[in-house]
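First up is the structure itself, then whatever we jot down about it.
Each residue takes its place number in the sequence, starting with 1. Hydrogens, waters and symmetry mates play no part in the numbers below; they use all other heavy atoms, side chains included. Computed from a predicted structure; not experimentally measured.
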Amino acid sequence: VMSSGAFLRSLRSSEAAVAHAVRQLSARPERVTAFAAALHRCGGTILPTAIGKSAAAASRLAASLRSVGARAHWVHAAEWAHGDLGAVREEDVIVCISNSGRSAELLALAAELRALPRPPTILAITGDERSPLALLASAQLSWSLPTEHEILRVLPAGSALAQDLVVNALVAQLAELRGSTLADLTACHPGGAIGAAAASAALGGLSEITWVPQGQPLPQRQQVDPFEKVPYESPPPPDMWVPQMQQPGQAPMSSQPPSQQQQQPPPPPQRQQVDPFERGGQSSLPMGGFPWPRGG
């Protein structure tokens with residue numbers, strides 16, 4: 001019989017990991033202030049980067065930052081050494097995400113960036129505040145979770161949740177620092193259910209984003225006719241010919257204007273259909289450049 005024991009144990013472990021990470025992150029508010037200020041001061045592009053499981057957090061951080069109006073794009077850590085270093089500018093902020101803080105690609109990236117004449121700002125989100133990556137960064141957000149919160153004590157589970165916590169908190173903090181509003185969110189994210197809910201709330205249609213229980217009617221929006229105050233003032237040109245409907249008993253009417261009726265060219269002459277095999281033997285119409293003998 002299949003048991004759900006591992007499933008339930010993972011849920012309880014994840015809950016404990018989240019609580020543990022929240023306590024550690026909340027205990028260092030000065031790190032939060034420095035990290036968020038670096039993002040807010042960014043005059044270029046915020047570039048989250050990671051490899052492996054952490055890449056999902058880096059990608060979502062960039063996507064969510066763009067939704068609140070920040071300029072952000074994520075870069076896979078393996079791509080920096082293959083040309084993407086050429087896009088880095090001094091005013092950019094590189095956000096390196098690594099649970100171990102020892103990813104070879106990110107350490108190599110940090111070394112390359114620090115060697116630039118005008119290096120960008122390097123930030124680190126990591127599960128080890130004493131890791132090489134954390135020590136190379138200008139600011140860091142870190143936590144430390146026991147391996148019991150990982151699947152088989154190795155596969156990221158609790159640490160992945162901690163990264164998501166940091167991503168959510170950073171987006172919320174930056175949105176507050178930028179003074180982002182629902183109108184800003186609608187302008188950056190007009191599509192999908194998020195865009196529709198943000199637009200409705202921004203217009204006063206909904207005070208908050210809510211789910212309507214099944215079976216209950218959806219809130220009705222005011223229907224607005226976009227052409228209500230735009231009268232049609234351009235009459236058709238006087239020479240425009242409008243086909244008239246044929247009345248009963250009338251002769252058939254042409255579907256073309258009179259001017260086009262007069263200029264209508266005569267129909268082309270019909271070609272006489274010839275059977276190439278009418279007299280037997282070979283066809284007078286070659287196929288593929290050679291006569292095609294008629295079988296029989």
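For the pair S131 (side chain) and D128 (backbone), a donor-acceptor distance under 3.5 Å is present. Without hydrogens or angle criteria, E112 side chain to L85 main chain gives no donor-acceptor distance under 3.5 Å. Not a single donor-acceptor pair under 3.5 Å links the side chain of H40 to the backbone N or O of A175. Formation of a donor-acceptor pair under 3.5 Å by the R178 side chain with backbone atoms of G69 is found in this model. A distance-only check finds a donor-acceptor pair linking the side chain of S14 to the backbone of S10 [under 3.5 Å]. With hydrogens and angles disregarded, a donor-acceptor distance shorter than 3.5 Å links the side chain of D92 to the backbone of T45. Formation of a donor-acceptor pair under 3.5 Å by the R66 side chain with backbone atoms of A72 is found in this model. A donor-acceptor contact shorter than 3.5 Å is absent between the side chain of S200 and the backbone of A196. Judged purely by atom type and a 3.5 angstrom limit, S59 has no side-chain atom pairing as donor or acceptor with the backbone of A55.
With a 6.0 Å radius and a threshold of 12 heavy atoms from other residues, nucleotides or ligands, E90 has its CD atom above the threshold. Counting non-hydrogen atoms of other residues, nucleotides and ligands closer than 6.0 Å to CZ of R114 gives a total of 12 or fewer. The environment of L8 atom CG is dense: over 12 non-hydrogen atoms of other residues, nucleotides or ligands sit within 6.0 angstrom.
A donor and an acceptor atom, one from each side chain of S54 and Q163, are located under 3.5 Å apart. Side-chain atoms of S159 and E150 include a donor-acceptor pair closer than 3.5 Å. For the residue pair W80 / T49, a side-chain donor-acceptor distance below 3.5 Å is found, with atom types taken as modelled. A donor-acceptor contact closer than 3.5 angstrom links the side chains of R31 and S142. Neither side chain, E105 nor S103, offers a donor N or O lying under 3.5 Å from an acceptor on the other.
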For this session: Before giving the answer on side chain to side chain contact (heavy atoms under 4.5 Å, CB included), spell out for V93 and F35 the whole-Å C-alpha distance, their side-chain angles and the decisive distance to 0.1 Å.
Result: CA-CA 11 Å; V93 173; F35 202 106; over 6 Å; no

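Under the 4.5 Å side-chain contact rule for hydrophobic residues, I125 and I94 do not share a cluster. Cluster membership check: V171 shares its hydrophobic cluster with V166, using side-chain heavy-atom separations under 4.5 Å among Ile, Leu, Val, Met, Phe, Trp and Tyr.
Closest of all the heavy-atom pairs between L145 and A162 is CD1-CB, 4.4 Å.
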